[in-house]
Amino acid sequence: MKQQSLPFTISKQENFFDRLGDYIGDVFYDILPELGYELRDEQIYMAYQIDQAFKNKSTVFAEAGVGTGKTFVYLLYAICYARYMRKPAIISCADETLIEQLVKKNGDIEKLERALGLEIDVRLAKAREQYVCMKKLEPLANETTDEDILRVHDQIPDFVFEQGSSMKSFERYGDRKEYPWVSNEKWGEIGWDPIQQCSTCEWRHRSAQTLHRNYYRHSTDLIICSHDFYMEHIWTKESRKREQQLPLLPEASCVVFDEGHLLEFAAQKGLTYRFHSKTLDSVLTGYMSQDVREDSLYLVEDILVLHQEWFELLEQSAQRVSGSDRSEVKITMKMTKLIKELAKKVEALLEQLVFDSELFTIDAYHVKIIEEYLEFYAYGLSILLNKDQGVYWIEEKETDTSFVIMPRLVEDVLGKDVFSQNIPFVFSSATLSQGGDFSYLANSLGISSYQSFSVDSPFDYDTNMKIHGYITNDEEKEFRWMQIGQALNENQGKSLILFSDLTEMNQFRSWTEKQNWDFIMLYEGDREISETVQSFQTNIDSVLCSFNLWEGLDVPGETLSQVLIASLPFPPKDPVFQAKRKHVQDPFREVDQPYMLLRLRQGIGRLIRSNDDQGVIRMYLSELEKQENLEGIMRVLPVEMKMSK
C-alpha cells in the first residue's frame with residue numbers, strides 16, 4: 001500500500017508540529033463537535049500534553065479516566081506522526097480483547113475514519129498463540145472425530161498442503177478469530193505453543209503466522225499488537241538478525257502502550273526462558289546424527305543424562321499452586337550442583353560445535369539451530385544460578401513438562417533496549433499512578449525521564465453509579481453464589497460477573513448449571529473472546545462471566561447495567577508474585593493490596609462507558625477482607641460504597 005498523505009498541508013516555511021497542533025485543535029474544537037461529538041476540556045488538555053511528548057521525542061504517562069476520549073487523541077498523533085516520519089506507529093495493547101475493541105466495526109478507528117474522511121492503514125500483529133499450528137492440526141485431523149477441529153482443518157486453504165509446489169500467490173489464514181466456535185481448551189490442541197520449534201518446521205514457509213507477518217510489516221499507518229508480542233519482538237530482535245531474519249516488528253515512528261500499567265508483566269513474560277523436557281533431546285539427537293567427533297558425542301550423552309536427572313528432581317519437588325497452572329519448585333543443593341555441572345557441559349559443547357562446524361561435515365543451517373538453542377539453554381541456566389535473579393516454576397501437560405525461568409526484574413533490559421530509543425512513547429490508561437505518583441511504574445520499567453499528567457473522567461458517577469458491598473463467608477461459597485444469582489434475577493441479566501481466577505469461575509459455573517435462568521449465561525473460554533463479547537452485546541438480557549476482562553471490555557448501553565465482583569482480585573500465590581513478596585518489607589501493603597486496588601479500579605470502570613450509562617456495582621468480600629482493605633477500597637471508588645449484610 002502506498003504511503004498515505006498527511007490530513008493537512010505544510011508549506012516549506014512551516015513547522016510540522018505547528019501545523020499538527022493547528023489540525024488537532026480544528027479536530028477537537030470544530031470538526032468533531034459539528035458531527036455531534038462532545039467538546040471535552042479533558043481531551044484538549046490531554047492532546048496538549050501528548051503534543052509535547054511528540055515534539056520532544058520523550059515518554060509520557062497519560063492517566064485519563066473513562067470517557068475522556070484518550071484513544072482518539074493518541075490515534076490522531078500516532079497516525080499523523082507515522083505519515084510524517086514514513087514509519088508505522090505501533091499501538092501495543094494489554095491483550096487481544098483490547099485489540100479487537102480498537103478495530104471492531106464502529107470502533108474508534110472506524111469512527112475516526114468516518115469523522116475525518118481518513119483512510120487508515122491498520123494491520124494486526126498477533127501473538128503466535130493466536131494462529132493455528134499445522135504441525136499439530138494435520139496429524140490430529142487424521143485421528144480425531146471432533147467436529148470443531150475437523151471444521152478448522154476443512155477451512156485451511158489448499159496451497160498450505162501443496163508442499164512441493166511453488167507458491168505464486170497466497171492468502172492469509174489461521175487467525176484464532178476466524179474460528180470462533182473453537183473453545184480455548186480445544187484451541188490449545190491445534191494452536192501454536194512454546195513447545196513447537198518453528199525454525200526447523202517443514203510447514204514454516206506456509207504457516208499462518210509467517211504469512212500474516214509478511215502482511216502487517218508493510219503497514220504505512222498503524223500496527224496493533226499485544227504487550228506480549230511487543231516484548232517478544234524486543235527480546236528476539238538481535239537473535240533474529242543474527243539468523244538473518246527480520247525482527248517481528250518493523251522500525252516504528254512511535255509506540256503507544258494502551259493499558260500501559262500491564263507492561264511490566266508482559267516484559268517479564270517476553271524475557272522468559274522455557275525448558276521443555278523433550279526439546280533438548282530432539283535438538284541434540286539431531287546433532288548426534290551428523291558426522292561429529294567422538295568427544296562431542298560423549299558430551300551430548302552426558303548432557304542428556306544430566307538433563308533427564310534435572311527434570312526428574314524438578315517433578316519430584318513440584319508443588320501445585322491453587323488457582324494457577326503453575327507448580328512451585330525449590331532449588332535444593334543437590335539440584336544446584338547438578339545445574340552447575342550441566343551448565344559446564346553445555347558451554348564445553350558450544351566450544352566443540354565450533355570445531356565440528358569447521359570440518360564442514362555438518363549443514364551450516366543445522367549448526368546455527370543447535371548453537372542458538374544451546375546459547376539459550378546456557379543463558380537460562382546462568383539466570384537460575386544467580387541467586388534472586390530469576391523466578392521459576394513448573395508447567396505440566398499430558399505429553400510434556402516445562403521448567404520456566406523468568407527474570408525477577410526487567411528495568412535494566414527495558415531501559416537499554418526499549419526506552420533508550422529516540423522516539424515518542426505514550427502510556428495510556430485510567431490507572432497508571434498510585435495516588436498521583438508515577439514513580440513506581442517508571443522505576444519498574446527502567447524509565448528515568450518522563451512527563452506525566454492525570455485527567456479525571458467527565459462522567460457524573462454520583463448520579464449514575466451505585467456501589468454496594470456484601471460481607472460473605474469464604475467457607476460458604478454457595479451462599480455467595482445465591483446472592484449473586486438473586487442480583488442477576490433482579491436485574492434480568494444485563495450483567496458482567498468478574499472472578500479472581502478460572503477456578504472460581506468454574507465453581508460458580510457448576511452451581512449455575514443446577515439452576516434455571518431466564519437469560520443466557522456466557523463464559524469466557526467457551527468461544528473465541530471477541531465472539532463471546534459480541535454475543536453479550538447483542539443479547540441484551542445475557543450475563544457474561546469472566547476472569548480476564550477486568551480491563552479492556554467496552555460495552556456501553558443497557559446490556560451492561562450491573563457489574564458483580566465475585567471476590568476481591570488479589571494476585572495469585574504463584575511463583576511470580578511470591579518472588580515479589582519475598583523482596584519487600586510488607587508484602588500485603590506493597591504487593592497484594594496495590595495489585596488488587598488497581599484491578600478493582602479497572603473492573604469498576606467496565607460499568608459506565610458513556611454519559612447515558614447507569615447501573616450498580618456489587619462487591620462481595622469476607623469480614624477479614626473488609627477489616628484489612630475497606631479503607632483502601634473507599635479511597636479508589638468513584639462513589640461511596642454502602643455496606644450490606
Side-chain angles (χ1 to χ4, degrees), residues 129 133 135-136 140 184-185 188-189 191-197 265 268-269 271-288 299-347 349 370 373-408 501-503 506 571-582:
E129 293 87 347
C133 172
K135 192 169 185 177
K136 291 167 69 176
L140 184 58
N184 285 359
E185 183 179 358
E189 297 181 47
W192 182 91
D193 64 54
I195 296 174
Q196 306 308 313
Q197 295 296 305
F265 181 70
Q268 287 178 307
K269 188 177 174 184
L271 302 181
T272 290
Y273 288 84
R274 187 176 291 270
F275 298 81
H276 301 287
S277 58
K278 297 179 180 177
T279 304
L280 183 71
D281 185 74
S282 63
V283 169
L284 293 187
T285 301
Y287 179 46
M288 293 171 74
L299 267 176
V300 168
E301 289 175 356
D302 289 346
I303 289 170
L304 290 176
V305 169
L306 288 169
H307 177 78
Q308 184 176 348
E309 288 180 18
W310 178 34
F311 266 81
E312 287 173 357
L313 288 175
L314 287 170
E315 290 174 16
Q316 289 168 15
S317 70
Q319 292 185 330
R320 195 61 185 256
V321 177
S322 177
S324 172
D325 61 353
R326 298 166 179 170
S327 296
E328 272 190 291
V329 292
K330 291 185 178 179
I331 306 299
T332 61
M333 290 182 64
K334 180 180 179 181
M335 197 183 297
T336 300
K337 183 179 178 181
L338 188 151
I339 293 168
K340 285 181 178 177
E341 182 65 19
L342 185 56
K344 183 179 174 182
K345 298 275 188 184
V346 169
E347 289 294 341
L349 183 57
I370 299 167
Y373 185 79
L374 288 178
E375 286 176 351
F376 155 87
Y377 193 93
Y379 192 76
L381 294 179
S382 72
I383 293 178
L384 192 60
L385 291 170
N386 279 326
K387 190 176 180 182
D388 285 342
Q389 293 300 305
V391 182
Y392 38 83
W393 64 87
I394 283 278
E395 292 178 5
E396 292 182 277
K397 295 184 178 180
E398 289 184 10
T399 57
D400 189 69
T401 298
S402 302
F403 180 63
V404 186
I405 305 175
M406 174 187 287
R408 185 172 66 84
D501 56 43
L502 174 61
T503 300
N506 285 338
K573 301 294 182 185
D574 74 4
V576 174
F577 285 96
Q578 292 291 53
K580 287 178 178 286
R581 295 179 184 104
K582 194 169 101 176

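In what follows, every heavy atom counts, from backbone to side chain, and hydrogens, waters and symmetry copies are set aside. What you are looking at is a predicted structure, and each value in this text was computed from that prediction instead of being measured.
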For P575 and V391, work out which heavy atoms get closest and say how close. O-CG1, 3.2 Å
Non-hydrogen side-chain atoms of I394 and R326 separated by less than 4.5 Å: no
For the atom pair NZ (K573) and CD (Q578), what is the distance rounded to the nearest 0.5 Å? 6.5 Å
Test of understanding: with side chain to side chain donor-acceptor pair (under 3.5 Å), list the residues that count as partners of E315, not counting sequence neighbours. T401
Can you find a heavy atom in the side chain of W393 that is under 4.5 Å from one in the side chain of V576? yes
Test side chain to side chain donor-acceptor pair (under 3.5 Å) applied to N506 - qualifying residues, sequence neighbours left out: none
Would you give the length of the straight line joining atom CZ of F311 to atom OG of S277, rounded to the nearest 0.5 angstrom? 5.5 Å
Show the nearest heavy-atom pair for residues E395 and R274, with the distance to one decimal. OE1-NH1, 2.8 Å
Residues in side chain to side chain contact (heavy atoms under 4.5 Å, CB included) with E185, at least two apart? S183
Sequence neighbours excluded, which residues qualify as side chain to side chain donor-acceptor pair (under 3.5 Å) partners of N184? R176
My understanding is that only residues two or more places apart in sequence, or in another chain, count here; which of them pass side chain to side chain contact (heavy atoms under 4.5 Å, CB included) with D281? T285, L304
Side-chain donor-acceptor pairs under 3.5 Å in residues 376-383, sequence neighbours left out?
residue: Y377; atom: OH; partner: H307; partner atom: ND1; Å: 2.8
residue: S382; atom: OG; partner: Y379; partner atom: O; Å: 2.6

Would you check, one step at a time, whether the test side chain to side chain contact (heavy atoms under 4.5 Å, CB included) holds for L284 with Y373? CA-CA 10 Å; L284 293 187; Y373 185 79; over 6 Å; no
With sequence neighbours left out, write down each residue that passes side chain to side chain contact (heavy atoms under 4.5 Å, CB included) with Q308, or none if nothing qualifies. E312
Taking only residues two or more places apart in sequence, or in another chain, which ones meet R320 in a side chain to side chain donor-acceptor pair (under 3.5 Å)? none
Does a side-chain heavy-atom distance below 4.5 Å link I405 with T272? no
Let's go through F275 and W310 carefully: what are the C-alpha distance in whole Å and the side-chain angles of both, what is the deciding distance for ring pair (Phe, Tyr, Trp, His ring centres under 6.0 Å) to 0.1 Å, and is it a yes or a no? CA-CA 11 Å; F275 298 81; W310 178 34; 5.6 Å; yes
Where S402 and H276 come nearest, the two heavy atoms and their spacing: OG-ND1, 2.8 Å
Do D302 and L342 touch side chain to side chain, with heavy atoms closer than 4.5 Å? no
Measure the shortest side-chain to side-chain distance between V305 and E309 over non-hydrogen atoms and say whether it is less than 4.5 angstrom. yes
In chain order, what residues pass the salt bridge (Lys or Arg N to Asp or Glu O under 4.0 Å) check against E189, with sequence neighbours excluded? none
Acceptor/donor pairs from residues 327-339 side chains to any protein atom, 3.5 angstrom cut, sequence neighbours excluded:
residue: T332; atom: OG1; partner: M335; partner atom: N; Å: 3.2
residue: T336; atom: OG1; partner: T332; partner atom: O; Å: 3.0

